Amino acid sequence: MDVRVRYAPSPTGLQHIGGVRTALFNYFFAKSQGGKFILRVEDTDQERYSDESLQDLYDTFKWLDIHWDEGPDVGGEFAPYVQSERQAIYQEYAQKLIDDGMAYYCYCSSERLQQLREQQVASKSSTQGYDRACRDLTAEQRAEYEKQGILPVIRLKVPEKGVTAFDDILLGTIKRQNSDISPDPVIMKSDGMPTYHLANVIDDHFMKITHILRAQEWIPSGPLHVIMYKAFGWEPPIYCHLPMVMGKDGQKLSKRHGSTSLRDFIKDGYLPEAIINYVTMVGWSYDDSREFFTKEDLEQLFSIEKINKAPGVFDYKKLQWFNGQYIRQKSDSQLAELVLPYLQDAGFVSNPTTDKQNQILFQLIPIVKERLRLLSDIVAVSEFLFKGPKEYEAELLIPKKKQASDAAAIIASLKSSILPIFDMSDSDAEAYIVEEISNQGFKTGDYLMVLRVALTGSTVSPPIVESIKIFGKEKSLAALDVAENKILSLI
RNA sequence: GUCUCCUUCGUCUAGAGGUUAGGACUCCGGAUUUUCAUUCCGGCAACAGGGGUUCAAUUCCCCUAGGAGAUGCCA
């Protein structure tokens, strides 16, 4: 069988990480089977549609470097791939359902429906949903409503008796009493647009989709779709309902758990490699040990059988760990390029950069590379180089178990002994300073910590000898003067 | 309320009748290191509960409990 799968997002918001994962599972499944991956834009909700969302969809997958074989932008045999451009088909098939007695017009107002729902909830009614008031309207009644100018919706006539079942590769057979299926859902809205249920069945059929991989939240509408396939006399595709992605508290992953839109992850400084790798590991595994996979690996190795059934909690910590791993795999020049926008946003360097700034960047990358988990971490670790030491208390200069006078002595020594290192290589500079320290009888740790605090205003920094050279002679001496004044005020 | 799905360390997971229940993240130690980070070693930590089936259940079946999802003119 030639596998054909689709990702069918609705452009009503920014691409959610959960949606991205669904897309990835579809994509990897298609690739691993030598099949086709199709993008279909489900823009049937006129109210919530936005151009920005549509653009975000394209931006997201471009950033991930994931491409579809057929879609609105690349075309394909079954175009158009945008549902709003396929209205005629939906109209035709909705009409067919009506002609066959499988669907009917409904004139109920949304006010009445809402009231009905509220009552059902309040009374804890055992049946919840539409009361099928219009299911058996006579021609006269319909004519009366039409005369009032009410625009009807079309509802599917769900059988009241019997059972509907479908097979899921992962979950096995899923059975449901017809009486438990959502009573007569709307398949065509009063604005002439289809709802998801109708549109996806028709499109999946005509686009020859073979497998549907979608989130488990869709399970309840499975039987509904099967009823429609039967009504049309079509063969349903193979279903595979994917486990959902949850937040730490076990609820559906949402904004309050952290970033959820891919756009936010990008802004936070995640790499596409890390996102792709981590996100597919939530709900899928290869074996008992391997967990690093490139996109290309996954295109080969992905398999539906290894998908987990249980929902997975999205662990931001582990994602960060993956990200750090991938950052360390970058070459210095790649990383410089990746990190540059964050430096520019922080106002540390100009856009475009000057030669001098490039020079600093070039020296900076190797000493911060293994200190980054997110690209955006670059701002915190390099701030002192661009902005100077941050405000600090004089006490911070005093080494552990030492006096202010000890710190003063170190600073005095520092002011002269650092002078020669600006013309040396990093390793020479380090050797020189270490020897200076022992010659003068100081403790290396104490000595360098005083230097660190004076230069950065913090006890944490990248290697300080390398840092001081990037910082420059002028600024270093100025910082030492400031430190000296601070410490003298304590004596 | 009803229906459906799910249930191995805190988290992601391996396991598919017989294992000291394995790995990873997190956390805690230790080593390396001028701090932090990296790296390397080590440690804590799990089969939801109860019944069956079986010589033998984490693994198969049933029940209970817990969790989630659906119940829209949203997808």
Side-chain angles (χ1 to χ4, degrees), chain A residues 8-10 12-13 19 42-45 47-48 106 108 110 113-114 117 120-130 151-155 168 171 174-177 179-183 185-191 193-197 199-200 214-223 241 243-244 246 248 250-252 278 281-292 306 308-322 324 328 367-373 377 381 430 433-434 437 443-449 451-453 456 458-465:
Chain A
S10 165
T12 53
E42 307 215 326
D43 61 344
T44 53
D45 186 339
E47 304 271 304
R48 299 195 303 148
C106 165
C108 295
S110 42
L113 262 18
Q114 195 187 329
R117 236 185 327 267
Q120 289 171 335
V121 173
S123 66
K124 300 194 171 176
S125 161
S126 59
T127 53
Q128 302 216 353
Y130 184 52
L151 290 175
V153 300
I154 298 176
R155 288 180 183 274
D168 184 288
L171 274 20
I174 294 174
K175 258 191 233 131
R176 251 190 147 188
Q177 296 292 325
S179 54
D180 290 326
I181 295 175
S182 174
V186 172
I187 55 173
M188 190 69 94
K189 308 178 209 178
S190 56
D191 66 1
M193 279 290 189
T195 61
Y196 170 82
H197 302 299
N200 105 82
R214 65 183 6 168
Q216 280 179 4
E217 57 186 328
W218 288 108
I219 291 179
S221 41
H241 288 91
M244 312 232 309
M246 314 306 234
K248 212 134 200 114
Q251 309 282 118
K252 223 165 150 179
Y278 175 69
M281 296 310 287
V282 179
W284 184 83
S285 63
Y286 179 68
D287 61 15
D288 62 348
S289 52
R290 181 169 175 190
E291 61 177 348
F292 273 92
K306 302 290 288 182
N308 213 65
K309 288 189 212 178
V313 173
F314 194 90
D315 186 349
Y316 289 86
K317 282 250 176 72
K318 184 140 191 187
L319 208 211
Q320 283 182 18
W321 176 78
F322 265 110
R328 258 147 253 141
I367 65 171
V368 298
K369 193 189 236 172
E370 60 202 23
R371 266 156 264 258
L372 305 180
R373 288 185 148 241
D377 289 340
V381 293
E430 204 170 315
I433 203 96
V434 168
I437 295 169
K443 268 181 71 182
T444 312
D446 291 347
Y447 197 88
L448 293 176
M449 187 51 89
L451 178 59
R452 170 171 292 112
V453 171
T456 68
S458 163
T459 55
V460 172
S461 83
I464 199 62
V465 180

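Order of the sequence lines fixes the chain letters, A, B, ..., with proteins taken first and strands second; residue numbering starts at 1 for each chain. Just so it is clear, the structure is predicted and the values come from calculations on it, not from any experiment.
- Residue contacts for A:Q120: at a heavy-atom cut-off of 4.0 Å it reaches no nucleic acid atom on any strand shown.
- The separation between A:K252 atom NZ and B:rA68 atom P is 12 Å, rounded to whole Å.
- At a threshold of 4.0 angstrom between heavy atoms, the contacts of A:P185 with the nucleic acid are absent.
- Look at the P atom in both B:rC60 and B:rU8: the space between them is 13 Å, to the nearest Å.
- Remark: A:Y316 OH is packed, more than 12 non-hydrogen atoms of other residues, nucleotides or ligands lying under 6.0 Å away.
- Counting any heavy atom pair closer than 4.0 Å across all strands shown, A:T12 reaches no nucleic acid atom.
- On the C1' atoms, B:rG43 is 23 Å away from B:rC36, given to the nearest whole Å.
- With rounding to whole Å, A:R371 atom CZ is found 12 Å from B:rU39 atom C1'.
- Put simply, A:K306 has a side-chain N or O that comes within less than 4.0 Å of OP1 or OP2 on B:rG15.
- Side-chain atoms of A:A310 lie closest to B:rC6 of the nucleotides B:rA14, B:rC6, B:rA75.
- Between A:T127 and A:R117, the residue whose closest nucleotide on RNA chain B is further toward the 5' end is A:T127.
- Between the NZ atom of A:K318 and the P atom of B:rU26 there is a distance of 9 Å, given to the nearest Å.
- When distances run from any side-chain atom of A:I219 to the nucleotides B:rU4, B:rA70, B:rC6, the shortest one goes to B:rU4.
- Residue A:Q216 is classed as a sugar-phosphate contact, given heavy-atom separations below 4.0 Å to backbone atoms only.
- Rounded to the nearest Å, the gap between the C1' atom of B:rA56 and that of B:rU39 is 45 Å.
- Contacts of A:V186 with the nucleic acid, taken as non-hydrogen atoms under 4.0 Å apart, involve only primed sugar atoms and P, OP1 or OP2.
- Residue A:N200 is out of contact with every strand shown, counting any heavy-atom pair closer than 4.0 Å.
- Using a 4.0 Å cut-off, no side-chain N or O of A:K189 falls inside it from OP1 or OP2 of B:rG72.
- Minimum atom distance to the side chain of A:P220 is reached by B:rA70, of the listed B:rA24, B:rU13, B:rA70.
- Here the separation of B:rG1 from B:rU13, taken at their C1' atoms, is 36 Å to the nearest Å.
- Atom-to-atom, CD of A:Q128 to C1' of B:rG1 comes out at 6 Å; the value is rounded to the nearest Å.
- In this structure, A:W284 has its ring center at least 6.0 angstrom away from the ring center of A:Y278.
- By the 4.5 Å heavy-atom criterion applied to side chains, A:E291 and A:M281 are counted as neighbours.
- Across all strands shown, A:M246 has heavy atoms under 4.0 Å from sugar-phosphate atoms exclusively, and none from any base.
- Contacts of A:K124 with the nucleic acid, taken as non-hydrogen atoms under 4.0 Å apart, involve only primed sugar atoms and P, OP1 or OP2.
- For the pair A:I219/A:I174, a side-chain contact is recorded, criterion being any heavy-atom separation below 4.5 Å from C-beta on.
- In this structure, the nucleotide among B:rC73, B:rC5, B:rU39 sitting nearest to the side chain of A:R328 is B:rU39.
- Out of B:rU26, B:rU34, B:rC74, the shortest distance to the side chain of A:V465 is found at B:rU34.
- Here the side chain of A:S190 is nearest to one of B:rA75, B:rC73, B:rC5, namely B:rC73.
- Of all nucleotides listed (B:rU26, B:rA75, B:rG69), B:rU26 comes nearest to the side chain of A:W321.
- When heavy atoms are screened at a 4.0 angstrom cut-off, A:R373 is found touching the sugar-phosphate backbone but no base atom.
- Residue contacts shown for A:D180 are limited to sugar-phosphate atoms, with no base heavy atom under 4.0 Å away.
- As a whole-Å value, the separation of A:R214 CZ from B:rC74 P is 18 Å.
- A:S285 comes within 4.0 angstrom of the backbone, heavy atoms only, and of no base.
- Residue A:Y278 contributes atom OH, which lies 9 Å from atom C1' of B:rC25 at whole-angstrom precision.
- One interatomic measurement links the two molecules: NZ of A:K248 to C1' of B:rC12, which rounds to 10 Å at whole-angstrom precision.
- Taking atom P on both nucleotides, B:rC40 is separated from B:rA45 by 24 Å, rounded to a whole Å.
- One C1' atom belongs to B:rC47, the other to B:rG66, and the distance between them is 16 Å to the nearest Å.
- A salt bridge between A:D287 and A:R290 is absent, with no side-chain N of the basic residue lying under 4.0 Å from a carboxylate O of the acidic one.
- When the C1' atom of B:rU71 is taken as reference, atom CH2 of A:W218 falls 13 Å away, rounded to whole Å.
- Judged by distance alone, with hydrogens and angles left aside, the side-chain atoms of A:R214 form no donor-acceptor pair with the main-chain N or O of A:A8 at under 3.5 Å.
- Counting non-hydrogen atoms under 4.0 angstrom, A:G283 reaches the backbone sugars and phosphates but no base.
- The separation of B:rC63 from B:rU4, taken at their P atoms, amounts to 12 Å, rounded to a whole angstrom.
- Residue contacts shown for A:I464 include a base, since a base heavy atom lies under 4.0 Å away.
- Residue A:P463 is classed as a base contact, given a heavy-atom separation below 4.0 Å to a base.
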